[in-house]
Amino acid sequence: MKKKVLSIEHQRFLNRRTRSKVIVLACQLGLLVLFLGLWELLAAYEVIDSFITSSPSRIWATFIDLAKGDLWRHALTTLAETVVAFLLSFLIGTTVAVLLWLSDGVRRVLEPYLVVLNALPKIALGPIIIIWVGAGPQAIVTMALLISVIITTINTLTGFISISKEKLLLMKTLHANKWQTLWKLVIPANASTITACLKVNVGMSWVGTIMGEYLVSRAGLGYLIVYGGQVFNLSLVMCATVVLCLLAAAMYLAVSLLSKLVERRLS
Amino acid sequence: MKKPLLKLDNLSHVYYSVREETVALKHISLEVKEGEFFGLVGPSGSGKTTLLSIMAGVLTPTEGQIQLSEGDIHTDVGYMLQHDHLFEWRSIYDNVILGLEINRKKTPENLQYAEELLKKYGLHEFMKHHPQELSGGMRQRAALIRTLVLRPKIILLDEPFSALDYQTRLSVAEDVRAIIKNEGLTAILVTHDISEALSLCDRIAVLTARPATVKATHEVPLEGDSFERREDARFAAYFKAIWKELEIHEEKSTINRTSTISEPPNSE
């Protein structure tokens, strides 16, 4: 393959860009190392009480212990509940948004209910959920679903109804029916809204799952956190929290990559 | 003699809101002949776009009738809007065939026709490009081809050049005129720009301010392309005649009166 010859100025520009990226990454990693190092030193010299704050080395030791045991079972339980809630909330939320967009009358009737449901703290529904669907993973998924589905519906619908009148007029002049307008204009024009919703949903689903696990679980990272708190094992609490952070970040990254692929395909 | 293609008979239209009702059009009767480039000139807000929406079949008039002597008003009328509204996520080719997809007319003949039009009007090599890669003029040409592929009997142009800068506007207007004449189509142009109407149209109807009525209709016997028509010695005279008929000067005279009143009493 023929190598492209760059001008000196262009090469300098690229070097500056790479250098800037490396500096930012080094600062990010440096900040983390500094934080962990300071935490470890303060705990080691008993400036802070490691019984309450734990320390990076104790968290790591707990992690190694748990990894030999059932950490993965707990992590996989939480991950499975989150992914199911995430997918269901996306499917149900988007479908409801589509139905409300298709029927102006139904949208006007249901709008106040959506606003109230969105404002309601879903944790208040915990007892009702447990009685209705039982105290198992299904209650956790329902809780996570309730937290993210309303916001998905509202955000997607807002994107759908913000399509310009002129673009809708264009579809009318081309004799498009409502379904054709939806598929050929409204959904592609809202690709970025939908992918942004997906990203928000990642966080919402994790929040809902952990809240659900606080209420009813017998396994999962939420369960480990609650159990660790009850027996004052702060290392267990922090270890489970760190694993939770890593899983949430991995899921967000996967969804972001998927969103980029979809947006690139559409643009 | 050319036969009438579109006939508007005593059209009126009223918009209703909670507070009031607004009469947009009042007893409009017009005839547009086959192959004619017809202009509708009127002050801003006079109801020109309402009239065009009725002609396109997307708005039902409160009163009166509209007839297309050949074909159906809902399928044989093409509409070109103020902005091109090309979909950024579609290639130029996919934008052009959008109407064919919607109307389930993606036959090999129609697709070939779309390609021919793109080739004929200089967009063939940009077929796979996306709208953001094209100039304003090229985008408007693509928008016109999107209308043409449906083989309409009549094309409605709703101030399609208003979003362009002056130079581009002149050149795109000439492109559109040439394409429409070349394809032997009938066109109705709505504009508030008298020069634009004179440089493109065979006949011009002057509308009054709202509620719009037809004040006068003028034949424009100018020859040549839009640039040559602008240089014709009679151009200024036609311009003045239409200018006098538009009711914009009443606003101007009001401003003059106001400025006289604001002068100090001892200014004489």
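Order of the sequence lines sets the chain letters (A, B, ...), proteins ahead of strands, with each chain counted from 1.
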>> Go through it in stages, so that I can follow the logic: the residues are A:Met171 and B:Leu98, the test is side-chain contact (heavy atoms from CB on, under 4.5 Å), and I'd like the CA-CA distance, side-chain angles, deciding distance and then a yes or no.
In response: CA-CA 9 Å; A:Met171 293 304 280; B:Leu98 177 66; 4.2 Å; yes
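When the shell of 6.0 Å around CZ of B:Arg210 is examined, it contains 12 or fewer heavy atoms from other residues, nucleotides or ligands. Within 6.0 Å of the NZ atom in A:Lys199, the count of heavy atoms belonging to other residues, nucleotides or ligands exceeds 12. Annotation for B:Gln65: atom CD does not count as buried by contact number, only 12 or fewer foreign heavy atoms lying within 6.0 Å.
Pairing each heavy atom of B:Val58 with each of A:Lys172, the nearest pair is CG1-CB, 3.9 Å. Residues B:His85 and A:Leu170 approach most closely at O-CD2, 3.7 Å, considering heavy atoms. Closest heavy-atom contact between A:Leu169 and B:Tyr79: CD2-OH, 4.4 Å. Closest heavy-atom contact between B:Leu81 and A:Glu166: CD1-O, 3.7 Å.
Within the 4.5 Å cutoff, the side chain of A:Lys184 has heavy atoms near those of the B:Arg90 side chain.
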Acceptor/donor pairs from residues 240-260 of chain A side chains to any protein atom, 3.5 angstrom cut, sequence neighbours excluded:
from: A:Thr241; atom 1: OG1; to: A:Val237; atom 2: O; distance (Å): 2.6
from: A:Ser256; atom 1: OG; to: A:Tyr252; atom 2: O; distance (Å): 3.0
from: A:Ser259; atom 1: OG; to: A:Val255; atom 2: O; distance (Å): 2.7

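Among residues 134-150 of chain B, the residues having any heavy atom closer than 4.5 Å to a heavy atom of chain A are, in sequence order, B:Arg146, B:Leu150.
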